[in-house]
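Please read these numbers as outputs of a predicted model, since none were measured by experiment.
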Amino acid sequence: MADNTHSAEDQYFTSTMTLAQMGISTVPESYILPPADRPTLELTPPSSFSALPLIDLSSLENPVRQSQVIEQVQVACKEFGGFQVINHGIHVSLTDEALDVAEDFFEMPNDAKMRLASTNVHEPVRYGTSVNQVKDKVQYWRDFIKHYSNPISTWIDLWPSEPPTYKKKMGNYAKAVLLLHTKLMQIIFKSLGLRSDYLQNDVEQGSQVLAVNCYPACPEPKLALGLPRHSDYGLLTIILQNQEGLEVMGNDEKWQPVPVINEALVVQLGDQMEVLSNGRYKSIVHRATLNSEKKRLSIASLHSLAINKKIAPAPDLVDEGHPSSYKEGSFEDFLKFLSDNDILEGRYIDTLKQNADSVYEAK
Ligand code: OGA
Ligand code: NI
């Protein structure tokens, strides 16, 4: 099934970088969203407002203050589905270099990038555009390179060999963010009343996919999106962004921009976390908006259990008052869903829900 002929004719597409470099003054019709799905960019909240709580991890080593961090994480996960972290232990030189080399990658000529192009969602390294460029009814204004990243020694040889520093710079960031993920999962398990070493081996040996996203300046940011509303499939997604554009949906069903905070990373709960917590925590719905001024880059590190490993609600979180509300599912199951469905028409998490009121109509 794996198709290694990356440069096959049918994989060819026009990247959004190409469109932006052409200097077009309107977006092609294929990018124009139906009015109901268009972003509302004029709502700029006051600068002190933050869509997600900001959590300082520096007190984790201190046993007294550690419990305060766990409490903050619990509130953030329950009420918001995510948070931002500072003092997370990843040095700014690593985040800067990862963003720099991401930028250099997307600035390369088409041919160099197209060698990695594939529409096969199972490909461990894949350059593409939109979400699922073959299936998307509307195209999204995003180019991406995604690559499997854990264990890094298995995958790094397949990563882009140009720019020449890509593997080193992106690799250093990938390794650092993997450690941060393990640390965050320990805190989250504690916040759920589970042992901090719950599923430790499965988490450490889990899948990590780096999605390196490029959203070029868009001539009509009010008509298009970089990514449509969706939740991520995994446990946690850790996002590094160089400027605003990410929006999360609040409990009031309103979109809130996630501000860029100096040296902070965004942490979002994914569908596997919702399943594992038996619905105590919900995966967060988010999207990426565009702007007409500047290209935006983001690096989303998507963590889940290993590709074939099914995740079910933690037995300690299932009792008479909280019957198991989800069927088990794996990253592999999600990929099948992604290749068979338009993600705007249904969420993967809804296919796993067992309550009668949210039965997903499989096509
Ligand atoms: C993603 C994602 C958001 C962003 O890659 O799944 O939601 O800001 N990215 O790029
Ligand atoms: Ni996402």
Would you give me the side-chain donor-acceptor pairs under 3.5 Å for residues 199-207, sequence neighbours excluded?
| unit_1 | atom_1 | unit_2 | atom_2 | d |
| --- | --- | --- | --- | --- |
| Gln200 | NE2 | Glu204 | OE2 | 3.1 |

Trace of the side-chain contact (heavy atoms from CB on, under 4.5 Å) decision for Val101 with Tyr173: CA-CA 11 Å; Val101 83; Tyr173 178 67; over 6 Å; no
Considering all heavy atoms of both residues, which atom of Leu317 and which atom of Ser277 are nearest to each other, and what is their separation? CD1-CA, 3.7 Å
Could you give the distance from CE (Met17) to CZ (Phe105), rounded to the nearest 0.5 Å? 10.5 Å
Arg229 atom CZ, neighbour heavy-atom count above 12 within 6.0 Å: no
Apply the test side-chain contact (heavy atoms from CB on, under 4.5 Å) to residues Leu235 and Leu276: give CA-CA distance (whole Å), side-chain angles for both, the deciding distance (0.1 Å), then the verdict. CA-CA 8 Å; Leu235 294 165; Leu276 180 148; 4.2 Å; yes
ring-ring contact (aromatic ring centres under 6.0 Å, His included) between His147 and Tyr166, worked out: CA-CA 12 Å; His147 38 69; Tyr166 187 94; 5.7 Å; yes
I'd like to know if the side chain of Thr16 pairs up with that of Tyr31 as donor and acceptor (distance under 3.5 Å, no hydrogens or angles considered). no
Gap between atom CG of Leu236 and atom CD of Gln208 - 0.5 Å precision: 11.5 Å
Does a sphere of radius 6.0 Å around NZ in Lys190 hold more than 12 heavy atoms from other residues, nucleotides or ligands, not counting ones at 6.0 Å or beyond? no
Report the C-alpha separation of Leu352 and Asp271 in whole Å, then their side-chain angles, then the decisive distance to 0.1 Å, and conclude whether the side-chain contact (heavy atoms from CB on, under 4.5 Å) test is met. CA-CA 9 Å; Leu352 300 176; Asp271 293 345; 5.7 Å; no
Nearest heavy-atom approach of Asp37 to Leu225 is O-CD1, 3.8 Å
Take Leu305 and Phe331, measure what side-chain contact (heavy atoms from CB on, under 4.5 Å) needs, and give me the verdict at the end. CA-CA 7 Å; Leu305 294 195; Phe331 177 23; over 6 Å; no
Measure the spacing between CD of Gln272 and OH of Tyr233 and express it to the nearest 0.5 Å. 8.0 Å
Between the main-chain N or O of Pro216 and the side-chain N or O of Trp141, is there a donor-acceptor pair closer than 3.5 Å? yes
Considering residues, nucleotides and ligands other than Lys168, do more than 12 of their heavy atoms fall under 6.0 Å from its NZ? no
Within a radius of less than 6.0 Å around NZ of Lys309, do more than 12 heavy atoms belonging to other residues, nucleotides or ligands occur? no
Reported CZ-to-CG distance for the pair Arg115 and Asn110, which is rounded to 0.5 angstrom: 11.0 Å
Can you list every side-chain hydrogen bond (donor to acceptor under 3.5 Å, both in side chains) pair that touches residues 290-299, not counting sequence neighbours? Glu103-Lys295, Glu107-Lys295, Asn213-Ser298, Gln241-Arg296
Would you call the rings of Tyr148 and Trp155 parallel, tilted or perpendicular, taking 30° and 60° as the class edges? perpendicular
Using a 4.5 Å cut-off on heavy atoms from C-beta on, say whether the side chain of Tyr198 contacts that of Leu192. no
Starting from Leu227, can I reach Leu19 by hopping between I/L/V/M/F/W/Y residues whose side chains sit under 4.5 Å apart? yes
Under the side-chain contact (heavy atoms from CB on, under 4.5 Å) test against Gln84, which residue among Val267, Val258, Leu265, Ile55 passes? Val258
